[in-house]
There are 2 protein chains.
Amino acid sequence: MRPTMKDVASAAGVALKTVSRVVNGEPGVHPATAERVRAAIDQLGYSRNESARVLRRGTTATIGLVIEDVADPFYSGLSRAVEAVVIDHGCLLLSGSSGEEPGRERELVETFCARRVDGLIVVPAGDDHTYLRPELEAGTPVVFADRPPGAGLDVDTVLADNAGGARHAVRHLLGYGHRRIAFLGDDAAIFTASERLRGYQEELGGLFDERLVSMRPPSEEAVRGDLGRMFALDDPPTALFTGNGRYTVTTLRALAGRRVALVGFDDFELADLLDPGVSVVAQDPAWMGRVAAELLFRRLRGDGGPPEHIELPVRLMVRGSGELPPSLPT
Amino acid sequence: MRPTMKDVASAAGVALKTVSRVVNGEPGVHPATAERVRAAIDQLGYSRNESARVLRRGTTATIGLVIEDVADPFYSGLSRAVEAVVIDHGCLLLSGSSGEEPGRERELVETFCARRVDGLIVVPAGDDHTYLRPELEAGTPVVFADRPPGAGLDVDTVLADNAGGARHAVRHLLGYGHRRIAFLGDDAAIFTASERLRGYQEELGGLFDERLVSMRPPSEEAVRGDLGRMFALDDPPTALFTGNGRYTVTTLRALAGRRVALVGFDDFELADLLDPGVSVVAQDPAWMGRVAAELLFRRLRGDGGPPEHIELPVRLMVRGSGELPPSLPT
DNA sequence: TTGAAAGCGCTAACAT
DNA sequence: ATGTTAGCGCTTTCAA
């Protein structure tokens with residue numbers, strides 16, 4: 001069906017190996033011969049079969065990336081940054097979304113491994129990564145980003161300072177006089193959510209009140225219900241700390257214009273254009289992607305040091321919503 | 001290095017072909033034998049080498065997707081939808097961002113083709129796709145999405161009704177009494193931008209004034225400059241029509257709170273939470289992705305009909321900004 | 001500078 | 001139910 005090197009060789013009247021030399025830019029081919037070969041390639045529309053090459057060479061120049069959801073701006077930003085580094089290294093990126101399902105995460109990782117990626121960057125959805133053992137033993141470097149691997153696996157990780165960021169947000173609100181600060185976040189089974197809860201709780205100390213905590217997948221109705229319940233308390237919250245970008249948006253929508261002090265984890269486009277501007281603890285997804293990818297390539301270049309655990313700082317962006325004063329319950 | 005079927009076979013004391021049968025779930029293996037094989041697989045940490053399989057079978061169960069930028073919400077939404085369809089068909093998606101560079105687009109396409117993808121979905125950056133000829137002749141189906149291919153190639157396309165949407169936006173603003181409506185859009189070399197300009201111009205008819213048109217890559221300073229120039233005219237615009245999502249956001253930021261009637265092309269998150277809510281002509285990127293992917297799989301199943309040219313409708317979302325009345329120049 | 005032969009790991013076709 | 005053999009398209013090794 002498709003032309004092969006053999007076809008090109010006979011069209012150009014040379015041996016297969018000569019075609020291989022031309023295709024791969026190897027030296028030692030007479031310019032005129034090379035020209036003939038190139039003409040045959042163009043004429044036949046030849047394109048090298050990468051599978052055959054990979055099979056023979058044993059290396060794929062391919063990196064695998066598993067994220068939670070490409071359509072989430074945090075992960076698409078991370079993705080783009082990883083892609084840029086991967087391209088810089090002359091490799092191809094395979095990526096896929098786990099949709100927060102451990103089974104799908106594993107499927108993706110295994111698919112990538114079957115394609116013999118040279119390395120993997122994983123934002124895990126599950127908490128059991130023993131299935132990675134054979135890969136690690138085969139020498140495939142793996143970097144975990146955004147969330148650490150499950151117990152029993154000590155590999156490179158690149159995480160944000162989730163607890164520290166949460167502490168910062170709470171400290172900021174406390175500084176503006178708030179004493180009743182609610183936390184609305186994702187399911188506590190998710191590492192980042194539980195870390196942010198931890199920071200929140202640590203900083204609040206004795207002010208912590210579990211009635212002001214809501215952790216679940218973000219749906220507008222659920223958030224509205226939880227908020228309603230909190231505001232109906234005798235001592236309702238005067239400020240909100242939202243546990244991630246999607247949560248912040250959902251909460252803003254559920255608030256329907258009600259002015260309550262709010263700091264969100266994760267920056268998002270237009271946060272500055274809302275009224276008031278939304279103060280956030282900002283992560284830098286592109287930075288995380290870049291750091292993870294560069295660490296991976298360092299491993300691929302042979303750096304065999306002990307696993308590294310990189311923690312990226314986050315920073316508070318003051319825009320207005322986090323600086324509203326506590327108001328009396330109405 | 002890594003265990004192969006041969007290794008598994010000798011570990012399990014069977015022939016290589018038996019291992020192949022177990023790995024591929026082929027019938028005709030004694031359960032006890034199969035069990036022994038599976039044990040050997042687990043023990044050795046065997047994973048099938050996909051390159052070898054592909055080389056032998058000639059089919060990859062892989063689809064390639066070239067978009068402009070994963071970090072753009074329009075394309076990440078499209079991407080996610082394509083991925084979902086591809087997974088449903090038991091295939092793997094390879095995707096990459098062209099960054100609006102024709103050279104990179106071609107590189108990606110050629111990389112994917114060298115990996116022998118079964119089909120391609122392309123959002124083109126360039127306007128010469130003759131390089132696709134060999135692929136098309138080899139029988140690889142290609143679907144263009146969001147933008148059509150360059151001249152001389154008649155393949156399946158899935159586009160939005162760009163001109164119709166622009167006409168609708170302008171008609172809407174005219175209905176609210178506006179006569180001076182500016183268009184701020186991307187470089188006219190980009191298909192969607194020029195189509196939207198065309199719709200805008202057609203609907204405006206005699207009211208068209210080229211001084212109210214600005215087409216260039218969106219940077220905040222440039223947009224601010226162009227807006228300043230337009231507003232300084234004797235008869236300044238009373239309404240703006242922005243040519244895509246990124247442009248709308250950039251324009252809102254450049255307006256810095258100034259209330260001017262505005263309709264944007266492309267919906268975006270939080271458009272409803274701004275004040276006033278931003279009226280837009282909304283496309284559905286997920287729908288476009290789904291339609292393109294399904295068309296591609298129809299081709300893969302053997303549908304050899306003439307190229308289809310699908311145009312997806314868009315719809316106006318009324319939220320406030322597009323319904324502001326013309327105000328007197330201040 | 002060029003070529004012939006072996007073999008990467010797998011599946012298809014054909015035995016047994 | 002199981003095994004043997006050939007060969008996918010390429011690169012590697014060795015020879016001319």
Side-chain angles (χ1 to χ4, degrees), chain A residues 1-38 40-41 44-62 110-111 113-118 134 138, chain B residues 1-38 40-41 44-62 110-111 113-118 134 138-140:
Chain A
M1 185 87 221
R2 261 165 181 289
T4 70
M5 275 194 179
K6 208 168 135 193
D7 299 325
V8 174
S10 39
V14 297
L16 188 154
K17 176 67 222 192
T18 302
V19 179
S20 170
R21 287 199 178 94
V22 172
V23 168
N24 295 299
E26 283 169 30
V29 179
H30 193 89
T33 314
E35 205 33 70
R36 250 178 30 249
V37 170
R38 263 188 292 272
I41 286 174
L44 295 176
Y46 169 78
S47 114
R48 181 172 63 195
N49 183 323
E50 204 64 18
S51 300
R53 177 188 168 86
V54 163
L55 177 58
R56 185 60 242 239
R57 304 204 40 189
T59 172
T60 58
T62 294
E110 287 177 345
T111 303
C113 291
R115 306 220 171 218
R116 297 292 185 266
V117 291
D118 295 333
Chain B
M1 186 84 221
R2 262 165 181 287
T4 70
M5 276 196 180
K6 206 167 136 194
D7 300 324
V8 174
S10 38
V14 296
L16 188 153
K17 177 69 221 192
T18 302
V19 178
S20 169
R21 288 200 176 94
V22 172
V23 168
N24 295 299
E26 283 169 30
V29 179
H30 193 88
T33 314
E35 205 33 68
R36 247 177 35 247
V37 171
R38 264 189 292 271
I41 287 174
L44 295 175
Y46 169 79
S47 115
R48 180 173 64 194
N49 183 323
E50 203 66 16
S51 299
R53 177 190 168 83
V54 163
L55 178 58
R56 185 61 244 241
R57 303 204 41 188
T59 173
T60 58
T62 295
E110 286 176 346
T111 302
C113 290
R115 308 222 168 213
R116 297 293 185 264
V117 291
D118 295 333
T140 308

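Every chain is numbered from 1 and lettered A, B, ... according to where its sequence line falls, protein lines coming before strand lines.
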A/T33: side chain to side chain donor-acceptor pair (under 3.5 Å) partners, not counting sequence neighbours: none

Set of residues satisfying salt bridge (charged side-chain N to carboxylate O under 4.0 Å, His left out) with respect to A/R57, sequence neighbours excluded: none

A/T60 OG1 to A/E50 CD distance, which is reported to the nearest 0.5 Å: 9.0 Å

Minimum heavy-atom distance between A/A114 and B/S47, given as atom pair plus value: CA-OG, 4.0 Å

Side chain to side chain donor-acceptor pair (under 3.5 Å) pairs, two or more places apart, involving residues 13-24 of chain B: B/S20-B/N24, B/N24-B/R48, B/N24-B/R53

Residues from residues 4-16 of chain B lying under 4.0 Å of DNA chain C - heavy atoms: B/T4, B/M5, B/L16

DNA chain C contacts among residues 20-37 of chain B, heavy-atom distance under 4.0 Å: B/S20, B/N24

Contact summary for A/S51 and B/V54, nearest pair of heavy atoms: OG-CG1, 3.1 Å

Side chains of B/N49 and B/T4 in contact at under 4.5 Å (non-hydrogen atoms): no

Residues forming a salt bridge (charged side-chain N to carboxylate O under 4.0 Å, His left out) with B/K6, sequence neighbours excluded: none

First and last nucleotide of DNA chain D, 5' to 3', lying under 4.0 Å from heavy atoms of chain B: D/dA1 to D/dG9

Rounded to 10 degrees, the angle between the two terminal axes of the helix from C/dT1-D/dA16 to C/dT16-D/dA1, each from five pairs: 30°

By side chain to side chain donor-acceptor pair (under 3.5 Å) - contacts of B/T140 (at least two apart): B/E135

Set of residues satisfying side chain to side chain donor-acceptor pair (under 3.5 Å) with respect to A/T62, sequence neighbours excluded: B/R115

Chain A footprint on DNA chain C, 5' to 3' - any atom under 4.0 Å from a heavy atom: C/dT1 to C/dG9

Residue list, side chain to side chain donor-acceptor pair (under 3.5 Å) with A/E26, at least two apart or on another chain: none

